[in-house]
2 protein chains.
Amino acid sequence: MSVPQPVRSPRRRAPRNTLNPDRILDAAIALLDRDGAEAFTMRALAEELGVATMAIYSHFRNKDEISDAVAQRLLDGIELPCGGALAPRCELREVCLGVHRLFTEHPSALQLLTSRPLRGDDAIGVIDRMLALLRRSGLSAKDAVRAQVTLMQYIVGSALWSIRRSRALCEEGARERVRAKFDALSPERYPTLTSLAPELMCAQEDAVAQFEWGLDHLLCGLLAGQGPPED
Amino acid sequence: MSVPQPVRSPRRRAPRNTLNPDRILDAAIALLDRDGAEAFTMRALAEELGVATMAIYSHFRNKDEISDAVAQRLLDGIELPCGGALAPRCELREVCLGVHRLFTEHPSALQLLTSRPLRGDDAIGVIDRMLALLRRSGLSAKDAVRAQVTLMQYIVGSALWSIRRSRALCEEGARERVRAKFDALSPERYPTLTSLAPELMCAQEDAVAQFEWGLDHLLCGLLAGQGPPED
DNA sequence: ACCTGAACACCGTTCAAGT
DNA sequence: ACCTGAACACCGTTCAAGT
């Protein structure tokens with residue numbers, strides 16, 4: 001017969017070197033993807049790793065340092081199209097879609113990213129790639145930089161919007177509530193909005209199509225007058 | 001001689017009806033603007049109001065309800081240009097600038113807004129206005145809705161970016177650190193990025209100019225082929 | 001009805017202690 | 001060097017009690 005154990009922590013002492021920064025980041029991303037940003041807790045992360053909370057502090061100074069490392073890791077892992085196979089404009093489009101896909105696949109990571117101050121070294125590889133493609137499309141140095149920032153801002157804003165929408169839509173009876181709100185609006189005060197209610201309802205549904213529509217028009221504006229479109 | 005008071009709370013009982021939803025929202029916005037989103041605490045809000053923490057719960061069910069009401073209040077208070085005085089395209093530009101200005105003037109409110117699921121009834125007035133202007137610019141019902149969402153996403157992404165950048169830049173010696181990072185980058189791995197370092201450094205400085213540059217090119221892409229530009 | 005303080009179940013992190 | 005539990009100063013919120 002064994003000695004009665006305390007109910008809460010039947011965990012034995014973890015052997016040395018069970019932990020390392022990589023294992024911690026893997027667990028952090030898994031936790032974020034599975035349970036969301038608000039569940040991303042030092043205590044929950046430790047449990048995920050089968051370890052005492054304070055063990056993590058041997059590898060990272062604090063939670064912010066983990067958040068930064070998670071963002072870094074994800075941004076470095078963006079899958080990009082192989083270079084040169086496409087016209088610059090098409091390749092640029094694919095890169096933007098890749099970044100957007102990463103954000104919508106790891107929504108909690110995006111939340112993390114947008115709530116912390118921006119370090120200069122995020123997503124270096126992607127930025128270089130975008131700048132090169134913009135230059136090859138005929139933009140000046142100054143315009144290429146402006147355009148790259150504009151694209152990134154649109155991608156982030158769009159992904160954030162999609163996440164919030166999809167979270168709102170998966171609540172119980174959300175569609176009915178939205179429809180009811182539209183029906184309650186005064187057509188005198190909001191004539192255009194009420195007349196476009198059907199289009200508004202259905203535009204919310206497919207976030208990717210919405211993103212691509214906006215991206216194509218944005219690219220059109222950014223690359224206008226840079227030679228004939230190459231498609 | 002008065003009886004010795006406890007040090008921590010020399011506050012007397014607040015008279016009845018000192019509190020109401022409006023006073024609470026005023027205090028919340030003041031607190032957010034002054035001390036930032038991470039300082040927006042029920043206890044801090046109560047102190048701002050000179051009241052016990054739990055007094056607030058008589059007027060709002062919980063903190064999320066206050067956050068939603070703050071967002072609502074701010075979005076309803078966006079100052080818009082008076083209608084009809086400008087060509088649709090210019091007026092649309094002004095509306096976008098107004099929304100962007102609100103967000104950069106209340107950065108903590110934007111953080112609040114982006115971290116909560118999106119209710120359908122945010123910023124109804126602005127949305128209706130934007131849709132009307134897009135329709136008058138010649139866009140179809142479907143395209144007007146797509147374009148309105150695209151614009152809003154760009155505005156949010158851009159404002160969020162500005163906030164994070166400006167917060168990062170006001171840290172001690174931030175510019176020097178960014179410059180050092182650029183200098184340390186390998187020109188072989190990141191040829192375009194390193195060659196554009198001066199442009200990148202200076203593009204970060206004026207967030208409003210960056211926003212306007214992007215907005216003008218986006219509008220150009222959205223309204224392309226909708227008749228001659230009216231300027 | 002409105003305001004109050006104590007208490008509960010959380011959180012990130014410091015500290016001294018084990019191995 | 002790496003892992004541990006207790007403790008501290010926070011947080012949002014429940015509850016029973018005052019007026």
Side-chain angles (χ1 to χ4, degrees), chain A residues 3-28 31-32 35-70 108 111-112 115-117, chain B residues 3-28 31-32 35-70 108 111-112 115-117:
Chain A
V3 177
Q5 296 286 326
V7 182
R8 285 280 291 179
S9 57
R11 177 170 42 76
R12 313 200 145 277
R13 174 175 262 264
R16 283 177 97 79
N17 301 319
T18 24
L19 240 45
N20 60 57
D22 264 335
R23 257 177 57 67
I24 293 172
L25 292 183
D26 287 340
L31 181 61
L32 280 162
D35 298 338
E38 63 283 0
F40 177 46
T41 284
M42 293 301 278
R43 284 167 166 89
L45 181 55
E47 180 143 21
E48 183 94 8
L49 288 158
V51 113
T53 308
M54 292 315 299
I56 301 170
Y57 284 82
S58 302
H59 303 269
F60 289 94
R61 238 197 304 275
N62 52 39
K63 196 185 176 190
D64 281 353
E65 210 170 85
I66 302 179
S67 300
D68 284 339
V70 164
S108 313
Q111 266 182 278
L112 226 68
S115 64
R116 319 207 6 80
Chain B
V3 177
Q5 295 287 325
V7 182
R8 286 280 290 180
S9 56
R11 178 170 41 77
R12 315 196 145 279
R13 173 174 263 264
R16 283 177 95 81
N17 301 321
T18 25
L19 239 45
N20 60 58
D22 264 333
R23 260 179 52 70
I24 293 173
L25 292 183
D26 286 340
L31 182 60
L32 281 163
D35 298 338
E38 63 283 358
F40 177 46
T41 284
M42 292 302 278
R43 284 167 166 90
L45 182 55
E47 179 144 19
E48 184 94 6
L49 288 158
V51 113
T53 308
M54 293 315 300
I56 301 170
Y57 285 83
S58 299
H59 303 268
F60 289 95
R61 237 196 308 272
N62 53 37
K63 196 185 175 189
D64 280 354
E65 209 171 86
I66 301 179
S67 299
D68 284 339
V70 164
S108 312
Q111 266 182 276
L112 225 70
S115 64
R116 316 205 11 79

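All heavy atoms count here, side chains included; hydrogens, waters and symmetry mates do not. Order of the sequence lines fixes the chain letters, A, B, ..., with proteins taken first and strands second; residue numbering starts at 1 for each chain.
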Inset, instruction - Quickly work out the B:K63 NZ to D:dC10 P distance and round it to whole Å. - result: 15 Å
Inset, instruction - Round to a whole Å and report the spacing from CG of A:L19 to C1' of D:dT4. - result: 13 Å
Inset, instruction - Just call it for A:M54: base, sugar-phosphate, or nothing, with non-hydrogen atoms closer than 4.0 Å on any strand. - result: base
Legend entry - For atom OH of A:Y57 and atom P of C:dG12, their distance in whole Å: 7 Å
Legend entry - Pair partner, C:dT4 [Watson-Crick or wobble, under 3.5 Å]: D:dA16
Inset, instruction - State whether A:T53 places a side-chain N or O below 4.0 Å from either non-bridging phosphate oxygen (OP1 or OP2) of C:dT13. - result: no
Inset, instruction - Check for a donor-acceptor pair, side chain of B:E48 on one end and backbone N or O of B:A44 on the other, with a separation under 3.5 Å. - result: no
Legend entry - Value in whole Å for how far the P atom of C:dA9 lies from CE of B:M42: 20 Å
Inset, instruction - Give the rounded distance in Å between these two atoms: CG of B:N62 and C1' of D:dG12. - result: 9 Å
Legend entry - Main-chain N/O of B:T18 paired with B:R23 side-chain donor or acceptor, under 3.5 Å: yes
Legend entry - Straight-line distance of A:I66 CD1 to A:M42 CE, nearest 0.5 Å: 4.0 Å
Legend entry - Donor-acceptor contact present, side-chain A:N62 to main-chain A:E65, <3.5 Å: yes
Inset, instruction - Establish, for the pair B:K63 and B:F40, whether the NZ or CZ atom is under 6.0 angstrom from the six-membered ring centre and no further than 45 degrees off its axis. - result: yes
Inset, instruction - For B:T41, answer base if it contacts any base atom (sugar-phosphate contacts may also be present), sugar-phosphate if it contacts only those atoms, and nothing otherwise; contact means non-hydrogen atoms under 4.0 Å. - result: sugar-phosphate
Inset, instruction - Could you check B:R43 against A:A55 and say which one's nearest nucleotide on DNA chain D is further toward the 5' end? - result: A:A55
Inset, instruction - Starting from C1' on D:dC11, measure out to CG on B:D35 and report it in whole angstrom. - result: 17 Å
Legend entry - Integer-rounded Å distance: C:dA1 C1' and B:R13 CZ: 12 Å
Inset, instruction - Hey, which sits more toward the 5' end of DNA chain C by its nearest nucleotide, A:R16 or A:A44? - result: A:A44
Inset, instruction - Find the distance A:I24:CD1 to D:dC3:C1' and express it as a whole number of Å. - result: 12 Å
Legend entry - A:H59 side chain near D:dC3 phosphate (N/O to OP1/OP2, under 4.0 Å): yes
Inset, instruction - Sort out the partner of C:dC11 for me: Watson-Crick or G-U wobble, both distances under 3.5 Å, none otherwise. - result: none
